[in-house]
Amino acid sequence: MDLVQWFVAPLTHAFMVKAVLVSMLVGVVCSVLSCYMTLKGWALMGDAVSHAVMPGVVIAYILKIPFAIGAFVFGVGSVLAIGFIKAQTRIKEDTAIGIVFTGFFALGLVLVSKTPSSVDLTHILFGNVLGISNQDILQTIIISAITLITIALCRKDLLLFCFDPTHARSIGLNTTALYYTLLSLLSLTAVAGLQTVGIILVVAMLVTPGATAYLLTDRFDHMLGIAIGSGVISSVLGTYMSYHLDGATGGCIVVLQTFLFILAMIFAPKHGLIAKARLQRQQQPS
Amino acid sequence: MSIQVENVSVAYHGKVALHGATLQLQPGSISGLVGMNGSGKSTLFKAIMGFVKPQTGRVLIHGLPSRSVQKRSLVAYVPQAEEVDWGFPVSVQDVVMMGRYGYMNWLRIPRSLDQRIVQESLERVQMSEFRDRQIGELSGGQRKRAFLARALAQQATVLLLDEPFTGVDIKTEKTMINLLLELKAQGHTILISTHDLASITTFCDQVVLINRTILAYGDTSEVFTEENLSRTFGGSISDLSLNKSQLARSPWEDL
């Protein structure tokens, strides 16, 4: 099959047009946030929040409210719970994260198993972008708009918060507000990512594009651009791959993302493995 | 009085880090802060920056409480090298510009004034030629100077420096000391935590000795005595010089 056909033919199906557009949008939003997650070292936090939104999604389905709202409440709630355990007990943060996110996730599983068949567990766990409803598309668009506008406005403050919270605080920036802003964006974006790759893999969307870009540049503006590029390419190509292979969409997207990361890790001009090895060889004159 | 610490006690989770600390520093002074690991140096810095709420007492900077001090960017903190993520994708110029954020509107779009002050600050620490370097590509001394430039751009009147001379070259140390003396002449208040007891007598006019409380502070010639130092380090000075490596910096606790 020729390449143009490979891309164009699936678009005769309305569901495929929707899926490609949604993947593209989710790719952009998650990739932008992934830059901040990578630099702040919040990968584990991203994993926790994305799992913890599960009961919120289920309860929202039951109450017939937009599931972004339920997810948001539980996402932020999980982080408050982690903070509470860390501050009030002798338990360390990574242990608290482990306890809270599995606890929330388990609650979600119980809720799914006890609700009528309207909630499809596999769609929550693994995403369902090929069967996405118009209502869910609308939600994704709203979430994306909120996230992108917030980041566009607070971009420099958020970056300073990631880089040097001490300085941020000493010049009067409200670091608590910045912390919760970043956290709220994380919860919202986790919901967007959940649509395409599902709860289990959403952390990849929130970490991998940023990590790939971090290996390729030393400038934050470029990092954002590269992350968006790699995130969108893998999301869109992954969606096509899953159509042609009739395979799991989330799996295809994340495999591609990981593949791009490996390429960057090996071939990055300055921080890649080959460049590092060459540099070492130059430093050891024979 | 530009730094006024009145009977400040700070406890974390019931453990007392600083007890009844009192300290007054004048404008136009350089003070060396001397104490062991865990003696409360970083707690004192945090209290001066207004990051911890004291159980007793209060801290005033130019007579103002901490919130007003922060809003006016009055206190600049120059971090230890270990506190900074040197792989972060920002350039020297980006870092120095961060000193200006408190003066900008909330979108943090630099005005020409901000640009000019950043360039001037870079020139004062002789870092102009490195302005576009990513911060990880600098030598130890250049890194320190970049962060000092940020403090200059911030136009703070109180400067807190945490172990500024650790791992820096002679050139940087000279540049920095000259600059600190200049700032002192302009009326800045400078507080430097350091383990380099020898250098204190050369450029600090005052010394602050700390061990869970402020033991003594004042003119170097009066305070920097064997007896005071032995109270600070809980042993004799001869032990001190032998065990200098044990006086390594205490890590800045998470903020």
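Below, each value reflects all heavy atoms present in this structure, side chains not excepted, and no hydrogens, waters or symmetry copies. First the proteins, then the strands, lettered A, B, ... as listed; each starts at 1.
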Worked check of ring-ring contact (aromatic ring centres under 6.0 Å, His included) between B:Phe88 and A:Tyr214: CA-CA 9 Å; B:Phe88 210 90; A:Tyr214 182 63; 8.1 Å; no
Interchain contact, A:Ala168 with chain B, by part (heavy-atom threshold 4.5 Å): neither
Which portion of B:Arg72 sits near chain A, non-hydrogen atoms under 4.5 angstrom: neither
Side chain to side chain donor-acceptor pair (under 3.5 Å) between B:Tyr77 and B:Asp162, intermediate numbers included: CA-CA 8 Å; B:Tyr77 171 70; B:Asp162 205 351; 3.0 Å; yes
Residue selection (most heavy-atom pairs with chain A, distance under 4.5 Å) from B:Gln154, B:Met97, B:Arg150: B:Arg150
Pairs of heavy atoms under 4.5 Å with chain A: top-ranked of B:Ala156, B:Gly87, B:Ser91: B:Gly87
Selection from A:Leu159, A:Leu39, A:Thr38, A:Leu160 maximising heavy-atom pairs under 4.5 Å formed with chain B: A:Leu39
A:Trp42 ring center near A:Tyr179 ring center (under 6.0 Å): yes
Salt-bridge contact B:Arg131-B:Glu123 (side-chain N to carboxylate O under 4.0 Å): no
Contacting moiety of B:Leu74, where chain A heavy atoms sit under 4.5 Å: neither
Contact class of B:Val75 relative to chain A, heavy atoms under 4.5 angstrom: backbone
Heavy-atom pair count under 4.5 Å with chain B, highest-scoring of A:His222, A:Lys270, A:His271: A:Lys270
Note: B:Arg124-B:Glu120 ion pair, threshold 4.0 Å (strictly below): no
Aromatic ring proximity A:Phe74/A:Phe105, centre distance under 6.0 Å: no
N/O donor-acceptor pair under 3.5 Å between A:Ser187 side chain and A:Leu183 backbone: yes
Polar side chain donor-acceptor pair, B:Ser9 to B:Thr56, under 3.5 angstrom: yes
Heavy-atom proximity to chain B below 4.5 Å, by part of A:Cys154: neither
Among B:Ala151, B:Ser73, B:Pro79, B:Gly136, residue most engaged with chain A (heavy-atom pairs, under 4.5 Å): B:Ser73
Proximal component of A:Asp164, with respect to chain B [non-hydrogen, under 4.5 Å]: side chain
